[in-house]
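Quick notes on the structure that follows.
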Amino acid sequence: MSDKDTALRQQAMSEIVTHETTVSGDPYRLSFHHMPPVGLMNDPNGLIQWKGEYHLFYQWMPFKPDHGEKFWGHYISKDLVHWKHEEIALAPSEWYDKDGCYSGSAVSHEDTLYLFYTGNVFNDKGDQEEYQCVATSTDGVHFEKKGPVIHVPDGYTGDFRDPKVWKQEQKWYMVVGAKNQNSQGKVLMYESDDLLQWEFIGPIAGSNENRLGDFGYMWECPDVFELDGTDILLVSPQGLQPDGMKYNNTYQTGYFAGELSFTEPSLEHGAFVELDRGFEFYAPQTFIDNKGRRIMFGWMGVPEQMEQSHPTVSSKWIHCLTVPRVLEWNGEQIIQSPVPELEEMREAVLLHSEITIENDQKAIRGIEGRPIELQIDFEQLDDQFAIELFHYISFSYTKRDGTLTLSRPHLEDKSQTEFRRTVLHEELNKLHILIDTSSIEIFVNGGKEVFTSRMFPQPEDEDILFTSLGETTFSIEQWKLSGYVYE
Ligand code: FRU
């Protein structure tokens with residue numbers, strides 16, 4: 001390890017110690033979502049179950065609650081509920097990653113854990129250069145950098161990052177997010193026999209590929225995998241303009257479903273589908289675990305979207321990840337559900353069945369506070385149903401126009417009292433809601449739509465109110481949650 005590497009690690013560790021009381025005293029610190037010990041957390045990286053343990057790395061800027069020269073932080077768990085914050089995995093110490101060890105992925109080969117990440121560099125002229133780099137480990141905690149293995153191909157720009165590697169029939173494949181010289185976002189594919197020598201195959205999807213037309217200037221964090229016989233490209237395109245209910249965040253995340261041909265190479269795909277409808281969701285990554293489940297973590301944030309207006313900034317930290325979610329294909333679309341392991345956090349259940357509210361707003365005895373989990377099953381819904389939490393955020397379904405709407409205050413423009421995200425949905429039968437101190441994840445109808453958002457209500461406000469126009473009858477279950485256990 002170079003002297004610079006050692007020094008950077010020491011500085012990051014002392015930053016944690018310096019601000020420990022400030023961060024842990026913040027009422028918005030999360031109880032069952034990963035957050036940084038100090039500074040900024042963004043994308044989940046290097047997700048893998050290796051030698052029985054789940055590894056979760058993340059983009060981390062320890063020195064300020066803002067973006068910059070990223071480290072890879074590291075959490076390990078045996079069961080997705082008990083987590084250990086590990087030693088720093090990667091620090092931006094070498095010429096090829098001096099301005100950030102950016103996002104990437106992990107694979108296991110011959111008992112060795114390989115991390116693929118992007119070395120980010122701003123050269124002497126201030127231009128961005130990005131390299132796909134490798135680091136390896138035999139104990140899963142200490143990593144040895146091997147340097148760049150892929151340089152940017154002709155016709156592309158310095159925006160060239162986020163390698164996701166997987167194995168298929170004895171060959172290794174990698175997808176990388178890129179911007180070409182005409183400012184079109186693309187996903188580039190590579191192949192390799194040994195994980196060190198990589199051959200460029202070409203773009204498999206992107207803006208102006210596969211009859212898509214213009215679709216953004218940069219595609220970040222691609223992830224390619226199969227779900228029940230369908231090939232999925234998960235990707236975060238930048239540069240889409242808002243289009244009615246679609247694309248209302250600063251940058252989007254979604255997927256294309258289709259069939260990947262390795263000979264062409266290209267992905268024959270259908271329309272882009274947004275994976276989440278809330279205010280904060282970006283740069284997710286998936287992996288397959290020993291049980292064969294496709295599990296995804298996302299970043300509960302969006303780049304350049306009012307980030308410095310989050311109230312946690314004054315407590316020296318910002319952002320968190322989503323809970324791990326299982327992805328499944330129902331024949332038409334991806335459905336998402338929290339991994340069942342999270343049920344271990346549940347305390348005793350509180351159940352109310354056959355509640356009817358008619359043209360009224362009500363509290364329901366004992367349904368309050370946070371962190372909690374709610375399951376609501378609807379028996380009848382005439383017109384409109386809404387749940388309002390902590391006088392801050394509300395979620396509603398309006399039957400006559402089939403709209404699901406999440407609404408909360410604008411983080412910057414306080415005059416905009418109704419800041420919303422809406423999607424059309426044919427019915428509402430079920431809600432599954434995970435509520436942490438400063439986040440909410442709403443799974444609609446078994447995860448056909450998901451709304452993920454941060455929220456910053458008054459910390460002491462515990463009220464949850466239910467409103468119905470016309471008559472709504474439902475049952476509700478609530479669990480108070482104990483939270484993740486950290487070692
Ligand atoms: C996505 C992203 C990636 C990049 C990383 C840098 O949020 O911009 O494209 O690798 O964050 O932290």
Exercise. Would you say Pro222 and Asp162 make side-chain contact, with heavy atoms under 4.5 Å?
Worked result: yes
Exercise. Which of these passes side-chain contact (heavy atoms from CB on, under 4.5 Å) with Asp463: Glu368, His391, Gln458, Glu388?
Worked result: His391
Exercise. With a 6.0 Å cut-off on ring centres, are Tyr117 and Tyr102 close enough?
Worked result: no
Problem set entry | Name of the residue among Val444, Ile440, Ile464 meeting side-chain contact (heavy atoms from CB on, under 4.5 Å) with Ile433 | Ile440
For this session: Scan side-chain atoms only and decide if His319 and Asn42 contain a donor-acceptor pair under the 3.5 Å cut-off.
Result: no
Problem set entry | Spacing of Glu259 atom CD and Glu268 atom CD [to the nearest 0.5 Å] | 8.5 Å
Exercise. Would you call Glu449 and Arg277 a salt bridge, using N to O less than 4.0 angstrom?
Worked result: yes
For this session: Side-chain contact test, heavy atoms from C-beta onward, threshold under 4.5 Å: evaluate it for Val323 versus Glu441 and give yes or no.
Result: yes
Problem set entry | Tyr282: ring-ring contact (aromatic ring centres under 6.0 Å, His included) partners, not counting sequence neighbours | none
Exercise. Is the Phe256 to Trp219 ring centre distance short of 6.0 Å?
Worked result: yes
Exercise. Is Arg400 salt-bridged to Asp383, cutoff N-O under 4.0 Å?
Worked result: yes
Problem set entry | Pair Trp317-Thr312, side chain to side chain donor-acceptor pair (under 3.5 Å): steps then yes or no | CA-CA 6 Å; Trp317 71 280; Thr312 64; 4.6 Å; no
For this session: Take Arg294 and Thr286 through the side chain to side chain donor-acceptor pair (under 3.5 Å) test and state the conclusion after the steps.
Result: CA-CA 6 Å; Arg294 178 60 58 178; Thr286 74; 3.0 Å; yes
Exercise. Which is it for Glu274 and Tyr255 under the side chain to side chain donor-acceptor pair (under 3.5 Å) test, yes or no, and what are the steps along the way?
Worked result: CA-CA 7 Å; Glu274 278 180 274; Tyr255 65 91; over 6 Å; no
For this session: May I ask you to check whether Phe451 and Phe443 place their ring centers less than 6.0 Å from one another?
Result: no
For this session: Check whether any side-chain heavy atom of Arg420 lies under 4.5 Å from a side-chain heavy atom of Ser394, and answer yes or no.
Result: no
Exercise. Do you see a donor-acceptor pair shorter than 3.5 Å between the side chains of Glu412 and Ser309?
Worked result: yes
For this session: Flag the pair Asn249 / Tyr247 as yes when at least one side-chain heavy-atom distance between them is below 4.5 Å, and no otherwise.
Result: no
For this session: Over 60° means perpendicular and under 30° means parallel, so classify the ring planes of Phe57 and His74, tilted if in between.
Result: parallel
Problem set entry | Ring-face cation contact, Phe390 with Arg370, 6.0 Å cut, 45° max | yes
Exercise. Below 4.5 Å, heavy atoms only, C-beta onward: do His352 and Ile367 meet side chain to side chain?
Worked result: yes
Problem set entry | Tyr54 ring center near Phe297 ring center (under 6.0 Å) | no
Exercise. Do Arg421's NZ or CZ and the ring of Phe419 fall within the cation-pi criteria of under 6.0 Å and 45°?
Worked result: yes
For this session: Anything under 30° is parallel, anything over 60° is perpendicular, the rest tilted; go ahead and classify Phe456 against His310.
Result: perpendicular
Problem set entry | Worked check of side chain to side chain donor-acceptor pair (under 3.5 Å) between Asp43 and Gln59 | CA-CA 5 Å; Asp43 316 353; Gln59 286 287 285; over 6 Å; no
For this session: Answer yes or no: is there a side-chain heavy-atom contact under 4.5 Å between Ser108 and Ile48?
Result: yes
For this session: Starting at CD1 of Ile442, measure out to CD1 of Ile435 and round the result to the nearest 0.5 Å.
Result: 8.0 Å
Exercise. Quick one: which of Phe272, Trp299, Phe281 gives a side-chain contact (heavy atoms from CB on, under 4.5 Å) with Thr253?
Worked result: Phe281
Exercise. Should the ring pair His34 and Tyr484 be called parallel, tilted or perpendicular, given that the plane angle runs from 0 to 90° and is split at 30 and 60?
Worked result: tilted
Problem set entry | 4.5 Å side-chain heavy-atom contact, Lys164 and Met174 | no
